[in-house]
Amino acid sequence: MKNSAIQQYLASIVLALIACWGTICFADNPIVQTMYTADPAPFVHNGVLYAYLDHDEDGTYGWFKMKDWRCFSTTDMVNWTDLGVVASLKTFSWAKIDAWAGQVVYRNSKFYYYVPMRLSGDMFGIGVGVSDKPEGPFTDAIGKPLISGNGYIDPTVFVDDDGRAYLFCGNPKLFTVKLNSDMITTASLVTQVPTTGTTFKNQYLEGPWFYKRGGLYYMLFSSQNNGTPGKEDIRYSTSPSPDGPWTFGGCIQPVQAGGKSWTNHCGVVDYKGNSYFFYHTGDLPKGSGFTRSTCVELFKYNADGTIPEIPMTKTGAAQIGTLNPYARVEAETICFSFGVKTEVCSAGGVNVCKIKNNSYIKVKGVDFTKDAKSFTASVASDTKGGKIEIYLDNLTTGTVVGTLVGTLDVPSTGGAQEWKEKSCKIKNAKGVHDLYFKFVGEDGVLFNFDWWKFE
Ligand code: FUB
């Protein structure tokens, strides 16, 4: 190839990469990008949707490294607020390792979080965390495992209309036990649910998700009977009662080409008149079977109550409602982000940290009903600081051009947790827009970001 041809070829690759980067950046799945999360357990309370997520430590490979559980909330399905660590292995003094998949239920004016942890070998105990608030922190309700046994993982708990409470769990066998109304003692022995014949067609492996809809009981689960050895898809069975007989319903979410996680694990919830299917992939950068990421899709049950196939998408669920920029918004309320993390904030809750040159946060569907004139943010920096460039509709990067409506200078505040409110003027912010905070500065960490609002 001649030099000019090589240059043209390289330029076309660069343009393709920019286009591809744009696509990746502006997707809404996975719903959390500041860390690796898995095994989503959605839960609705008082008009808010909470997603309780397992947490894969950064840089994990070879086997799971999971020490705590995280919670994120939303009211519009696309902007998710990081509520921090809600429980960890340290919450349960008897636990050793493996903070795996759990589920939260509400009863007796309390929130109960059922979580499995490894005791030794294949022995797992299921702990019960309890809290007065959905965002925790959860404490150990009984100081010991509620039940323990070989493969007792992935508990799913459901309180029926008649007050009876059921817990199912297990890999590769499905176990069940009834709970008393106190939710912290068992009302039966643990028994095994047969998964042979027409019930589960021998396809049950793990990750049960149990609930009732219109008189029909659903058991969604992860399966490996799909011709792609070692890779999980999501299937389900239904039953007229919690005790069976179960009838196999089929595959809901097949293994997809490019899905980098060998596990999948689902949770289903109805919210604001819609049905949502949560699952995980390995789709974040450096993602894998041990660095997974939570996604969500909108779906509709078929008229006969069966569940349609729900493919994995990068688009995710559509936004419902808009975000009000004139009330304080936590900086960790994010639709999509690149190159930032979150941490415990000295002013309470969580703040965005590890902000570097060219990292950014996208907040979707922000309703500037009134012309915004100024922007205020709570920021902290123990370095030279930097700038927040505020764009509407798009970042300005490569060939993509957004509208720059203001720039906030962030000085050193004398400490990484020394919070100062800083303001700047805003021009031409009116109507509903996607909002981008692009962070600009020198090399290294620039500053931390706690909350923002427009005036
Ligand atoms: O996250 C650890 C384990 O991987 C879960 O308990 C399983 O469901 C699988 O997702």
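When a ligand or atom number is given, it counts from 1 through the structure's own listing order. Along the sequence shown, the residues carry numbers beginning at 1.
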Practice problem: Could you name the option among Asp39, Leu205, Thr37 that has the heavy atom nearest to atom 1 (O) of ligand 1? | Solution: Asp39

Quiz item: Does a sphere of radius 6.0 Å around CZ in Arg164 hold more than 12 heavy atoms from other residues, nucleotides or ligands, not counting ones at 6.0 Å or beyond?
Solution: no

Quiz prompt | Partners passing side-chain hydrogen bond (donor to acceptor under 3.5 Å, both in side chains) against Lys341 (at least two apart in sequence or in another chain) | solution = Asp58

Quiz item: How far is atom 9 (C) of ligand 1 from its nearest protein heavy atom, and which residue and atom is that?
Solution: Glu206 OE2, 3.6 Å

Self-check item: Polar contact flag, side-chain donor to acceptor under 3.5 angstrom, Glu297-Thr313
Solution: yes

Quiz item: Starting from atom 4 (O) of ligand 1, which protein heavy atom do you reach first, and at what distance in Å?
Solution: Arg292 NH1, 3.3 Å

Quiz item: Mind checking whether Trp100 has an N or O less than 3.5 Å away from an N or O of ligand 1?
Solution: no

Quiz item: Among the heavy atoms of His280, does any lie under 4.0 Å from an atom of ligand 1?
Solution: yes

Exercise. Just let me know how His55 lines up against ligand 1, side chain, backbone, both or neither, with a heavy-atom cut-off below 4.0 Å.
Key: neither

Quiz item: Taking both backbone and side-chain atoms of Asp154, is any N or O found less than 3.5 Å from an N or O belonging to ligand 1?
Solution: yes

Exercise. Could you tell me whether Asp28 and Lys362 have a side-chain N and a carboxylate O separated by less than 4.0 Å?
Key: yes

Quiz item: Only one of Tyr152, Trp94, Phe92, Trp100 forms a ring-ring contact (aromatic ring centres under 6.0 Å, His included) with Phe124, so which one is it?
Solution: Trp100

Quiz item: Does Thr176 have any side chain to side chain contact (heavy atoms under 4.5 Å, CB included) partners at least two apart in sequence or in another chain, and if so, which?
Solution: Phe168, Thr191, Val193

